[in-house]
2 protein chains.
Amino acid sequence: MKAVLGREPMSTPYSAAQRRTIAVALELFSQHGVAGTSLQMIADALRVTKAAVYHQFNTKDEIVLAAAEFELAQLESVVDAAEAQPSAKLARNVLIEGIVDLTVARRRTVNAILSDPVVVGFFADHETWRDVMHRLRRLLIGDDAGPEARVRTAMLVAAISGAATHPFVADLDDDVLRIELLRLARRFLGLPG
Amino acid sequence: MKAVLGREPMSTPYSAAQRRTIAVALELFSQHGVAGTSLQMIADALRVTKAAVYHQFNTKDEIVLAAAEFELAQLESVVDAAEAQPSAKLARNVLIEGIVDLTVARRRTVNAILSDPVVVGFFADHETWRDVMHRLRRLLIGDDAGPEARVRTAMLVAAISGAATHPFVADLDDDVLRIELLRLARRFLGLPG
DNA sequence: GTCTATAGTGCGATAGAC
DNA sequence: GTCTATCGCACTATAGAC
């Protein structure tokens, strides 16, 4: 099932210090954007100096890539779980639920990181990214490549990730947001829900 | 109808040179983000020096604000047109159509600018922005402030603006994208269409 | 693994000639 | 309105002590 050749999802076992760096970087990137976040800001948030951060990662780009791949890996595991379902219908259901859960749980970071111009540039030639997007698209659209299906899919993905970050719902509880997102997403796809 | 006190939508008549600066700034901001765009890049795109750009605007922040307000003004005129309708139903219809038109016509810039972290920060205390958002929300939700209505509204706004920028539909013609977005948005709201 | 110190570069912004 | 030239600063990144 996961026998995709040459791909090694989490083959880099980051140290605890590296994971802490990634965590604070994600928070700062989501607030100020990648380009608007300096290594000084990351170092200050970790309460160490810049040199200490450079001991964990050789360049800023490596931090950006590690942070982006961290979010990507979670999306990938949702896609994995969906593909493991016996039918296309079940797969789509698991996918929607997984995306909603992921988006709500990490609503401050996921969308901000994956849509940042710098990350978009990095991911343009990124194999795992293209693979995950391709599988995601296939799960949702199937073999129908017509405009209606494609726009509907883009709207659904954008609606879920965008709505979770939207100021209109900033004060809603995670549970309430999750339930409403799920219900509307299913209705949008014409699924029972 | 537009008698909102103390608000002066386009009271600053920018010169032709200033409008050219705003136009190239919007393009660059949407590609690299606000923080990732330097005044040197703007000057190069205009084929002048930085000093010439500083003759049009005193600071980079002024350029960012002018560019963001340019996009906001177009959204505001859509809201104006919707509020001029005689019924709530017609108003909502005009609003959806206007947002779809605007988003498709300027699909590379609108969403990127208005969701940029720097612009979000500028607009946090921006009167016109808050006013337009409040009126937009009122037109779509009315007096229903329940979670379902709020999530549905956030999803709709995010779906339209996000879908237009989504790579899944990057190669679709503007006309096709416009028609599909409109149809799906109306179906999402339970409107005839 | 963290520090101080610093190199080298590009940034936003300004002065003043034309 | 555009230019050359420059200031002061923050940035990424490195060197070397502890």
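These numbers were taken from a predicted model, which means no experiment stands behind them. Lettering of chains follows the sequences in order, A, B, ..., and the numbering in each one begins at 1.
- We find the CZ-NE2 distance between A:R150 and B:H166 to be 11.5 Å, quoted to the nearest 0.5 Å.
- Summarising the geometry, the separation between OH on A:Y54 and C1' on D:dA13 is reported as 5 Å, rounded to the nearest angstrom.
- In summary, the side chains of A:R106 and A:N111 do not present any donor paired with an acceptor at a separation below 3.5 Å, with no hydrogens or angles considered.
- Between the side chain of A:K50 and the backbone N or O of A:D44 there is no donor-acceptor pair closer than 3.5 Å.
- The one candidate from A:V119, A:I22, A:V110 that meets the side chain to side chain contact (heavy atoms under 4.5 Å, CB included) condition with A:E71 is A:V110.
- Looking only at distances, no side-chain donor or acceptor of B:D173 sits under 3.5 Å from a matching main-chain atom of B:D175.
- Residues of residues 36-50 of chain B having a heavy atom closer than 4.0 Å to DNA chain D, listed by number: B:V48, B:T49.
- A nucleotide of DNA chain C counts as in contact with chain B when one of its atoms lies under 4.0 Å from a heavy atom; the first and last such, 5' to 3', are C:dC11 to C:dA15.
- Here NE2 of A:H32 is found 10.0 Å from CD of A:E27. Values are rounded to the nearest 0.5 Å.
- Here the CG-CG distance, from B:L72 to B:L114, works out to 7.0 Å after rounding to the nearest 0.5 Å.
- A:A159 approaches B:A159 most closely through the heavy-atom pair CB-CB, 3.6 Å.
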